[in-house]
Amino acid sequence: MFCEYNSITTNQPACHLHHDVVFLLPMENKVRVRFAPSPTGGLHLGGVRTVLYNYLFARKHGGDFILRIEDTDQSRYVPGAEEYIYETLKWCGLEPDESPRHGGKSGPYRQSERKESYRKYAEQLVEKGHAYYAFDTAEDLDAMRSRLRTEANPNPQYDHTVRNQMRNSLALSAAETKSLLENKTPYVIRIRMPEHETVTFHDLIRGDVTFDTSIVDDKVLLKADGMPTYHLAVVVDDHLMKITHAFRGEEWLPSAPVHVLLWRYLFGEEAMPKWAHLPLILGPSGKLSKRDGARYGFPVFAMNWQDPKTGEMTEGFREKGFLPEAFLNLLAMLGWNDGSEQEVFSKQELVDKFSIDKVHRSGAKFDYDKARWFNHEWIRKLPASAYSQQVKEYFAQQDLQVADNAYFEQVLELVKDRCTLLSDFWEHSYFFFRAPKEWDTEPLRSKWNSSREAFFKSLSKSLTSISSWTAASIETVFRQLAEQAGIKPGELQLPLRIMLVGGKFGPGVFQIAEVLGKEETVSRIDMALTQFDLR
RNA sequence: GCCGCGUUCGUCUAAGGGCUAGGACACCACCCUUUCACGGUGGUGAUACGGGUUCGAAUCCCGUACGCGGUACCA
């Protein structure tokens with residue numbers, strides 16, 4: 001077995017040297033990768049994971065990470081989608097080195113703004129006989145497909161078997177073609193797939209993949225509106241932008257032979273980037289979709305996305321209460337593993353340990369429970385100050401404006417172990433900000449009596465004059481008083497808890513009291529004493 | 001249909017010819033806790049099937065089945 005990077009570095013059969021080998025690349029072969037989304041809506045899990053792997057690979061090898069906007073289909077243009085991409089990358093901490101917004105030496109980075117650069121390559125292919133003009137109308141294509149459609153061939157292709165019966169420069173005479181062109185008849189340029197050729201290319205994840213060119217159709221390269229299709233644009237731009245490694249979803253694998261051929265015809269196959277087709281992220285059934293999220297109640301997009309046309313809102317991981325650290329972590333593990341049993345990785349650890357040959361070959365089904373677990377781990381791991389601003393927003397939704405940051409963070413620190421999502425902080429800590437107005441006294445009903453009431457009255461007094469206000473000192477006073485009253489301290493803890501928070505929940509009672517502070521604690525006990533209804 | 005890719009506990013995965021196939025999520029039990037959680041300990045649970053190759057196969061080869069992807073002037 002030989003190392004994937006052999007062709008640009010060394011011929012030693014030493015796969016375990018991958019990382020070192022790439023570092024030795026000469027300057028002109030500097031690693032350059034790109035993420036090339038189509039701005040048609042929210043960015044979903046799979047998209048962000050592709051960004052992540054690109055980013056990780058670039059950082060690991062000291063390369064460049066480029067964001068290229070593939071907006072060649074004007075009919076699918078969605079306002080706001082590009083902004084959404086920037087904001088998502090920013091939130092994730094995966095910002096590109098070059099992009100429409102960040103600039104760079106390979107711009108413009110929006111394909112719609114590069115429109116003029118594609119035509120000449122398509123024409124070049126026509127001249128060399130690797131492509132041809134096709135004048136077929138949509139109706140012509142429909143007619144051809146319905147004429148040829150059978151049970152054995154449900155999806156007839158525009159390929160070598162029918163191209164001679166269509167209206168294109170291969171079937172028409174040179175004079176006819178010339179006149180059609182001169183009369184400005186709309187046309188596309190299609191690749192002329194060779195017959196019975198075998199195209200093999202090496203995929204960094206899957207190894208050698210082979211296709212028979214006879215079964216691939218004559219893909220459109222340049223559309224009637226002059227825009228390139230993905231197939232032409234990806235090859236031309238990867239060349240112009242000096243991309244060295246191209247990572248994309250596995251759904252692109254079937255069209256890879258078209259791209260390989262284009263490279264061969266246009267720039268030489270030896271200049272082609274190394275390909276890696278990433279495994280898909282699956283939903284409960286098939287490729288993860290927005291629908292799955294709606295149906296099963298978990299987010300699919302990185303952040304909230306509102307469709308500008310329908311107004312429909314799709315909830316994102318960010319708003320759901322995920323930490324970017326956790327989001328990245330869970331995405332990284334959906335298709336990659338370093339071979340150890342470690343599961344919680346920081347971004348820096350991922351950069352250090354990532355390697356493309358450890359990326360899995362098979363698709364991974366997204367498990368929302370596991371995703372939540374990652375978030376829980378990160379909430380515990382990070383100091384509350386790292387996410388207190390975000391939690392504040394959830395509190396604001398409950399009409400609570402946080403005034404005292406120190407107090408706020410102290411509370412978050414105390415309850416963070418019990419929270420899975422940032423949105424959970426509210427239910428686990430609201431009582432630190434709002435004194436109870438109602439008390440769940442049901443658990444006390446049978447045990448409440450005048451001696452207990454007396455105990456709490458004296459507790460209130462003693463606490464008022466306590467000198468050091470810590471959980472430990474409060475507990476000491478509490479126990480002493482209980483002993484004097486002849487009541488087991490354990491039996492008095494629940495009543496105290498209910499007085500302080502209103503019910504059977506929350507962290508340790510004495511810790512609650514400590515954080516609440518002397519004044520508030522005493523006031524809540526006094527209030528409860530006057531309001532308890534135990535009859 | 002055709003082409004391509006894939007297949008280890010329910011899910012994410014480890015094990016690259018050699019130990020009772022390891023871990024995590026979820027689930028169950030127990031412990032901790034006089035609240036609710038968190039946590040801790042333990043348990044149930046997998047190499048799709050059939051053939052080879054080999055002293056020895058989850059691992060290599062072939063076939064079958066199943067799953068997924070693609071089959072647009074969408075990306």
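A note on names: the letters A, B, ... follow the listed sequences, proteins ahead of strands, and every chain is numbered from 1. All values reported here derive from a predicted model rather than from experimental measurement.
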Under 4.0 Å, heavy atoms only, any strand: does [X] hit a base, just the sugar-phosphate, or nothing?
X	value
A/T40	nothing
A/G506	base
A/A364	sugar-phosphate
A/P489	nothing
A/V209	sugar-phosphate
A/R248	nothing
A/G503	nothing
A/F374	nothing
A/H360	sugar-phosphate
A/N155	base
A/S75	nothing
A/R372	nothing
A/R206	sugar-phosphate

Please give, in whole Å, the distance from [N] [atom2] to [X] [atom1]?
X	N	atom1	atom2	result
A/I205	B/rG6	CD1	C1'	13 Å
A/Y368	B/rC12	OH	C1'	17 Å
A/R361	B/rA14	CZ	P	10 Å
A/F431	B/rA37	CZ	C1'	11 Å
A/W252	B/rG70	CH2	C1'	10 Å
A/K365	B/rU8	NZ	P	11 Å
A/K219	B/rU71	NZ	P	6 Å
A/Q157	B/rG4	CD	C1'	13 Å

When rounded to the nearest Å, what value does the distance between [atom1] atoms of [N] and [M] take?
N	M	atom1	answer
B/rU59	B/rC49	P	11 Å
B/rA57	B/rC3	P	33 Å
B/rU47	B/rU8	C1'	4 Å
B/rC27	B/rU11	P	16 Å
B/rC38	B/rG70	C1'	47 Å
B/rA37	B/rG18	C1'	46 Å
B/rA14	B/rG22	P	15 Å
B/rA15	B/rG39	P	27 Å

Task: Of A/D417 and A/D212, the one whose closest RNA chain B nucleotide lies more 5' - done: A/D212
Task: 5' priority, RNA chain B, between A/F135 and A/R380 [closest heavy atom] - done: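 The residue closer to the strand's 5' end, by nearest nucleotide, is A/R380.
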Taking the six-membered ring for Trp and the single ring otherwise, decide whether the centroids of [X] and [Y] are under 6.0 Å apart.
X	Y	value
A/F327	A/F317	yes
A/Y394	A/Y430	no
A/W263	A/F201	no
A/W305	A/Y84	yes

Across all strands shown, which nucleotide pairs with [N] by Watson-Crick or G-U wobble geometry, both distances under 3.5 Å?
N	result
B/rG6	B/rC66
B/rA21	none
B/rC74	none
B/rA58	none
B/rU33	none
B/rC27	B/rG43

Nearest to the [X] side chain among [options], which nucleotide is it?
X	options	answer
A/D73	B/rC73, B/rG23, B/rA75	B/rA75
A/R497	B/rA72, B/rC2, B/rU35	B/rU35
A/R145	B/rA24, B/rG70, B/rA72	B/rA72
A/I215	B/rA75, B/rG1, B/rC2	B/rC2
A/L280	B/rC74, B/rG23, B/rG69	B/rG69
A/V188	B/rC73, B/rA75, B/rU34	B/rC73
A/K370	B/rC12, B/rU13, B/rC36	B/rC12
A/D369	B/rC5, B/rA37, B/rA26	B/rA26

Open item on the list: Which label fits A/H239 and A/Y121: parallel for a plane angle under 30°, tilted from 30 to 60°, or perpendicular past 60°?
Closed with: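 Perpendicular, since the angle between the ring planes exceeds 60°.
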Task: Parallel, tilted or perpendicular: ring planes of A/Y368 versus A/F366, cut at 30 and 60 degrees - done: tilted
Indicate whether OP1 or OP2 belonging to [N] is found under 4.0 Å from a side-chain N or O atom of [X].
X	N	result
A/K223	B/rC74	yes
A/H376	B/rC38	no
A/K358	B/rA15	yes
A/T72	B/rA75	yes

Open item on the list: Determine whether A/K370 and A/D367 satisfy the following criterion, salt bridge (charged side-chain N to carboxylate O under 4.0 Å, His left out), listing intermediate values before the conclusion.
Closed with: CA-CA 5 Å; A/K370 186 82 184 231; A/D367 180 357; over 6 Å; no
TODO: Could you check A/Y133 against A/Y187 for ring-ring contact (aromatic ring centres under 6.0 Å, His included), going step by step and ending with a plain yes or no?
DONE: CA-CA 6 Å; A/Y133 302 108; A/Y187 67 90; 5.1 Å; yes
TODO: Starting from the C-alpha separation in whole Å, work towards a yes-or-no answer on ring-ring contact (aromatic ring centres under 6.0 Å, His included) for A/Y230 and A/W252.
DONE: CA-CA 11 Å; A/Y230 172 83; A/W252 289 107; 3.8 Å; yes
- [ ] Scan A/L89, A/I66, A/V51, A/N54 and name whichever one has a side chain to side chain contact (heavy atoms under 4.5 Å, CB included) with A/P96.
- [x]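 Exactly one option meets the side chain to side chain contact (heavy atoms under 4.5 Å, CB included) with A/P96, and it is A/L89.
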